[in-house]
Participant: 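Handing you this structure, nothing more for now.
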Amino acid sequence: MQEFLEIAKTDFLATFEGAWMLPLLLLSCALILWKEPDRTRKVLLGALPLAAMIVYWLPPTGMLLMKLLGENVYWRVLWLILIAVTVPYALCLLLRKCSGLRRQAAFLACLALVVLCGTPLLTSEEFLDSANEYKIPQYVIDVCELLPENIHAMVSNRLMPYIRQYDTSITLEFARNDYRYLNPGEADDDEVGQMYLEVQKSEIDLSVLAPTAKAEGCTFLVFSSTRTYIGEWEDYGYEKYASTEDFDIFVDMDYEEGQDTRKWED
């Protein structure tokens with residue numbers, strides 16, 4: 001239970017970090033339960049958000065959901081709380097009591113309250129100025145411009161979400177956050193799974209990686225330039241192909257320029 005409470009606390013604080021939206025949400029729920037005459041709206045907008053938080057924090061339900069959903073996504077139970085609906089609706093209940101200039105003044109005060117209690121969305125690290133017309137990281141384009149068309153590759157997690165946005169002729173061995181990464185135990189008897197887990201390490205054992213990569217038809221391998229390796233690439237049938245500022249690219253020594261090595265066709 002102690003582990004559950006630690007995870008729940010960490011994720012809860014991270015969700016509402018740097019904002020006063022939680023107190024505003026609780027006040028809004030209380031106001032809706034108090035002032036809303038319609039029973040259905042009272043339940044949906046007032047009671048359910050509070051129930052979601054109780055389910056989140058209550059150890060029996062919380063631990064069950066954590067087991068079903070996984071520790072990495074359990075915090076998304078908080079997404080069931082429709083803050084963007086509950087808070088404005090509660091404020092509208094207040095505005096309904098006003099009229100004329102008082103309503104306009106109250107409306108401006110409510111806007112100010114929401115702004116002050118929230119956090120600036122566009123200043124977060126998830127929002128960056130676009131570096132190119134493709135609106136994907138420049139380091140991805142740098143890699144893609146070096147890779148041939150119609151090849152099968154295994155690439156760093158940082159590249160996985162973007163490679164096929166730039167060039168759909170490239171097929172990938174893994175998608176981002178493969179299930180083996182989220183559930184390592186499931187890869188114990190799976191050579192491909194072990195290969196995936198190996199490439200997440202800062203020092204990669206080529207005796208684990210390279211034979212399976214070659215057997216699976218991974219013509220090109222792209223890893224961060226900060227990675228180090230146990231063994232020599234040439235001993236396992238691969239060699240250095242090219243480099244960018246952030247990544248090193250390795251190629252199967254049996255690959256012939258222009259060869260189609262894709263695992264499937266578009």
Participant: More than 12 heavy atoms of other residues, nucleotides or ligands under 6.0 Å from CD of E203: is that the case?
Facilitator: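 Enclosed: over 12 neighbouring heavy atoms sit under 6.0 Å from CD of E203.
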Participant: Can you confirm whether K240 sits close enough to V251 that some side-chain heavy atom of one is under 4.5 Å from a side-chain heavy atom of the other?
Facilitator: no
Participant: Just by distance, no angles: are the side chains of T244 and D246 close enough, under 3.5 Å, to form a donor-acceptor pair?
Facilitator: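 No donor-acceptor contact under 3.5 Å links the two side chains.
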Participant: Is it true that, when you exclude L101 itself, more than 12 heavy atoms of the residues, nucleotides or ligands shown sit nearer than 6.0 Å to its CG?
Facilitator: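 No, because the 6.0 Å sphere around CG of L101 holds 12 heavy atoms or fewer from other groups.
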Participant: Hydrophobic clusters here meaning ILVMFWY residues chained together by side-chain heavy-atom distances under 4.5 Å, can you tell me if L26 and L31 are in one?
Facilitator: yes
Participant: How long is the span from the SG atom in C110 to the CG atom in L95, to the nearest 0.5 Å?
Facilitator: 4.5 Å
Participant: Side chains of L91 and V114: does their closest heavy-atom pair fall under 4.5 Å?
Facilitator: yes
Participant: Hydrophobic cluster membership, with links at side-chain heavy-atom distances under 4.5 Å among I/L/V/M/F/W/Y: are W233 and V199 in one?
Facilitator: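 Shared cluster, yes.
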Participant: Let me check something: do L5 and F16 share a hydrophobic cluster, defined by ILVMFWY side-chain heavy atoms less than 4.5 Å apart, either directly or through other members?
Facilitator: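 Same hydrophobic cluster.
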Participant: Please report the closest heavy-atom contact between R96 and P37, naming both atoms and the distance.
Facilitator: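 Distance-wise, the nearest heavy atoms are NH2-CD, 4.0 Å.
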Participant: Hey, is the main chain of E256 close enough, under 3.5 Å, to the side chain of Q259 for a donor-acceptor pair?
Facilitator: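 Side chain of Q259 to backbone of E256: a pair is present.
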Participant: About how many Å separate CG of D254 and OG1 of T219, when rounded to the nearest 0.5 Å?
Facilitator: 10.0 Å
Participant: Listed by chain and number, what are the ring-ring contact (aromatic ring centres under 6.0 Å, His included) partners of Y255, not counting sequence neighbours?
Facilitator: F220
Participant: T86 and L45: which non-hydrogen atoms are nearest, and at how many Å?
Facilitator: CG2-O, 3.3 Å
Participant: Does one side chain, of S225 or D248, offer a donor that lies under 3.5 Å from an acceptor on the other?
Facilitator: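 Absent: no donor and acceptor within the cut-off.
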Participant: Please determine whether residues V87 and L48 belong to a single hydrophobic cluster, defined as Ile, Leu, Val, Met, Phe, Trp and Tyr linked transitively by side-chain heavy-atom distances below 4.5 Å.
Facilitator: no
Participant: With rounding to the nearest 0.5 angstrom, report the CG to SG distance, L172 to C218.
Facilitator: 9.5 Å
Participant: Passes side-chain contact (heavy atoms from CB on, under 4.5 Å), E191 versus V208? Steps please.
Facilitator: CA-CA 9 Å; E191 287 186 353; V208 176; over 6 Å; no
Participant: For residues 21-46, which residue pairs qualify under salt bridge (Lys or Arg N to Asp or Glu O under 4.0 Å), counting only residues two or more places apart or in two chains?
Facilitator: none
Participant: Considering all heavy atoms of both residues, which atom of M1 and which atom of P59 are nearest to each other, and what is their separation?
Facilitator: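 Scanning both residues completely, I find the closest heavy atoms to be CE-CB, 3.8 Å.
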Participant: Are I83 and M21 close enough, and set up right, to give a side-chain contact (heavy atoms from CB on, under 4.5 Å), and what steps lead you there?
Facilitator: CA-CA 8 Å; I83 299 176; M21 195 55 67; 3.7 Å; yes
Participant: Would you check if E149 and D167 make a side-chain contact, meaning some heavy-atom pair closer than 4.5 Å?
Facilitator: yes
Participant: With sequence neighbours excluded, what pairs up with T226 under the side-chain hydrogen bond (donor to acceptor under 3.5 Å, both in side chains) test?
Facilitator: S224
Participant: Taking the side chain as every heavy atom from C-beta outward, state whether K263 and E173 have any atom pair closer than 4.5 Å.
Facilitator: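 Counting from C-beta outward, K263 and E173 do come under 4.5 Å.
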Participant: Run Y236 and M253 through side-chain contact (heavy atoms from CB on, under 4.5 Å) and show every step you take.
Facilitator: CA-CA 9 Å; Y236 297 96; M253 295 168 68; over 6 Å; no
Participant: Are any non-hydrogen side-chain atoms of E71 and D11 less than 4.5 angstrom apart?
Facilitator: no
Participant: Taking S156 for the side chain and F223 for the main chain, is one N or O donor matched with an acceptor at less than 3.5 Å?
Facilitator: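 Checking the backbone N and O of F223 against the side chain of S156, no donor-acceptor pair under 3.5 Å is found.
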Participant: Using modelled atom types only, decide if a donor and an acceptor are shared between the side chain of T61 and the backbone of L58 within a distance under 3.5 Å.
Facilitator: yes
Participant: If we only count heavy atoms from C-beta on, is the I151 to R262 side-chain gap below 4.5 Å?
Facilitator: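 Counting from C-beta outward, I151 and R262 never come under 4.5 Å.
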Participant: For a quick check under 3.5 Å, do N157 and Q200 share a side-chain donor-acceptor pair by atom type?
Facilitator: yes
Participant: Nearest 0.5 Å please: distance from the CE atom of M53 over to the SG atom of C29.
Facilitator: 5.5 Å
Participant: Are K214 and D252 side-chain neighbours, meaning at least one heavy-atom pair lies under 4.5 Å?
Facilitator: yes
Participant: Could you tell me whether the side chain of R103 and the main chain of C98 form a donor-acceptor pair under 3.5 Å?
Facilitator: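 Yes.
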Participant: Hey, does L69 have a side-chain heavy atom less than 4.5 Å from the side chain of R76?
Facilitator: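 Side chain of R76 against side chain of L69, heavy atoms only: no contact under 4.5 Å found.
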Participant: Is there a path of hydrophobic side-chain contacts, each under 4.5 Å between heavy atoms, that joins I81 and W75?
Facilitator: no
Participant: Would you compute the distance between atom CD of Q2 and atom CD1 of I7 and round it to the nearest 0.5 angstrom?
Facilitator: 11.0 Å
Participant: Got a donor-acceptor contact below 3.5 angstrom from the R227 side chain to the I204 backbone?
Facilitator: no
Participant: Rounded to the nearest 0.5 Å, what's the gap from CD on E6 to OG1 on T10? Could you check?
Facilitator: 5.5 Å
Participant: Which pairs with one or both residues in residues 86-107 pass ring pair (Phe, Tyr, Trp, His ring centres under 6.0 Å), sequence neighbours excluded?
Facilitator: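 Passing the test, one end in residues 86-107: no pairs.
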Participant: List the steps and the verdict of side-chain contact (heavy atoms from CB on, under 4.5 Å) for L221 and I249.
Facilitator: CA-CA 6 Å; L221 308 175; I249 304 173; over 6 Å; no
Participant: Would you list the pairs meeting ring pair (Phe, Tyr, Trp, His ring centres under 6.0 Å) in which at least one residue belongs to residues 48-68, sequence neighbours left out?
Facilitator: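 For residues 48-68: F12-Y56, F12-W57, Y56-Y74.
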Participant: Between I170 and A153, what is the shortest heavy-atom contact and its length?
Facilitator: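 Looking at all heavy atoms of both residues, the shortest contact is CG2-CB, 4.4 Å.
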Participant: Would you call the rings of F247 and Y139 parallel, tilted or perpendicular, taking 30° and 60° as the class edges?
Facilitator: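 Rings of F247 and Y139: tilted, as their planes differ by 30° to 60°.
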Participant: Answer yes or no: are there more than 12 heavy-atom neighbours, outside E245 itself, under 6.0 Å from its atom CD?
Facilitator: no
Participant: Go through the steps for T261 and H152 under the test side chain to side chain donor-acceptor pair (under 3.5 Å), then give the verdict.
Facilitator: CA-CA 6 Å; T261 64; H152 186 67; over 6 Å; no
Participant: Just checking E145: does its CD atom have more than 12 heavy atoms from other residues, nucleotides or ligands closer to it than 6.0 angstrom?
Facilitator: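 Counting neighbours around CD of E145, more than 12 heavy atoms of other residues, nucleotides or ligands fall under 6.0 Å, so yes.
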Participant: Shortest non-hydrogen contact from P88 to A84?
Facilitator: CG-O, 3.0 Å
Participant: Tell me, please, which residues at least two apart from K201 pass side-chain hydrogen bond (donor to acceptor under 3.5 Å, both in side chains).
Facilitator: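 Once residues adjacent in sequence are excluded, the partners of K201 under the side-chain hydrogen bond (donor to acceptor under 3.5 Å, both in side chains) criterion are E198.
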Participant: Ring centroids only, cut at 6.0 angstrom: are F250 and Y229 within range, meaning strictly under it?
Facilitator: yes
Participant: Show the nearest heavy-atom pair for residues A47 and L33, with the distance to one decimal.
Facilitator: N-CD2, 3.9 Å
